[in-house]
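Just so you know, these numbers use all the heavy atoms, side chains as well, and skip hydrogens, waters and symmetry mates.
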Amino acid sequence: MRKSREFSSYYSTEYMKKKRILVTYVEAGFGHITTANSIADAIEALNDPNIEVIRKYTFKDDPTLSKIEHKFVKDVKWANTFPLHNYIQMAATHILGIHNSLPFVVSTFYRRAQKIYLKQLEDIKPDIIIDTHYLTSFLSTQYRDKKDPHVRVVTYDPDNSVHNWWNIRVDKFVVNCRMAFHDALKHDFTRKQLMVVPFVTRREITSITESKEYYRDKYGLPQDRFIVMVAAGGYGKSGMNRVIDALLLVKHPITIIAICGTNKHLHCRLQRLKNHTPSHIDLRPYEFVPKVYELNRAADVLLTKGGPNAMLDSVLMRVPIGVFYSASEIEKISTYLFTDVLNCGRSFKQSWRIVKWINECVSDPSILDIYLNATDAVRAEGNGAVPIAEFIQTYED
């Protein structure tokens, strides 16, 4: 009887122990958050009773860590306004060599933050850590090496390229295209470490079946007009004013959906501008919209900056893209991928070319057919979060 009780106790504590999957969140542009959510959702959708998913905004619970996250947000906003800022930062990653610069920064400027962060992970006791940001990825490997050698670190790179601060000491590095795969090899990742999946996106986007007309009706948009959506990330920077001012010169009747995000100054300016637009231009400014992909689906084209997640969402909504700004080398490569390689839209250096393109598209909507066919091909590849979730489900080493 005693042996039976001992066996039962051992079985319940060891064999029935859930695998703790920690998905870390950090705000450094909204792409890191949306991809983390997508992966966490896909793991939960497996309904595996042996898995516990823990979602954690790891930089929000401590003032020291919050300062770092605030700096990330500030850097993104600066890059969205002055691209040289980001290029200088990327150049700095070469100073001590591509694999030494980040450890140096963490051991000097972020030393106290690292200690606090590792204590957080120690309290959670994860079995697998999933990161979508280079700094959380590095700190996760520090935790593995210093605290718990049994933990596994899986990193998803939400970009379409690999920069110098992605950590080559992770157990598994997941990329979303062949360009990023070859880029990772150049940065000394091994083939064993690498995993290639389709683009990772939110489950609600891949599950959308409603038509463009449905969402136009839902948001009170005209059914018989050409609709241009303009968005430049959640912060509403990156030359949106310039592009919207240019669109007022379009000679055909159009509706402009302007997504201002958290930029209240831009929203107020566009609200005032509504009263001074030409009679054939219907300008509709929006603040931050949680389900912005629904408005995206209602549009005929999206004009945006080269953020990989914004472009991907539009492509999966079967809406061609026009890119008018790249905040960094990362966004320039992503723009090249979506426009030149995948052929889902065009990129523009001058605003007058955008106006010319929109005039042509309104006059002859069949111009967009080639881009629409390309978006269908991307959507057919499926959601990369699903193979990541299935890998995590069985991942031991």
**Message:** Glu381: which residues meet the salt bridge (charged side-chain N to carboxylate O under 4.0 Å, His left out) condition with it, sequence neighbours left out?
**Reply:** none
**Qualifying residue, where the test is side chain to side chain contact (heavy atoms under 4.5 Å, CB included) with Phe173 and the options are Thr190, Leu194, Val154** = Leu194
**Prompt:** Are side-chain N/O atoms of Thr64 and Arg112 paired as donor and acceptor at under 3.5 Å?
**Reply:** yes
Show which side-chain atoms of residues 342-353 pair as donor or acceptor with protein atoms under 3.5 Å away, not counting sequence neighbours.
residue, atom, partner, partner atom, Å
Gln350, OE1, Arg353, NE, 2.8
Ser351, OG, Arg242, NH1, 2.7

**Request:** Name the orientation class of the two ring planes belonging to Phe59 and Tyr117 (parallel below 30°, tilted from 30 to 60°, perpendicular beyond 60°).
**Result:** tilted
**Complete:** Sorted by chain and number, sequence neighbours left out, salt bridge (charged side-chain N to carboxylate O under 4.0 Å, His left out) with Arg20 holds for Glu52
**Minimal non-hydrogen separation, Lys305 against Val323, with atom names** = C-CG1, 3.8 Å
**Asked** What residues form a salt bridge (charged side-chain N to carboxylate O under 4.0 Å, His left out) with Asp62, not counting sequence neighbours?
**Response** none
**Asked** Among all residues two or more places apart in sequence or in another chain, which pass the ring-ring contact (aromatic ring centres under 6.0 Å, His included) test with Tyr57?
**Response** Tyr25
**Prompt:** Considering residues at least two apart in sequence or located in another chain, which fulfil the side-chain hydrogen bond (donor to acceptor under 3.5 Å, both in side chains) criterion with Asn359?
**Reply:** none
**Request:** Please answer whether the main-chain N or O of Val386 pairs with a side-chain N or O of Asn383 as donor and acceptor at a distance below 3.5 Å.
**Result:** no
**Message:** Determine whether the aromatic ring centres of residues Phe199 and Phe338 are separated by less than 6.0 angstrom.
**Reply:** yes
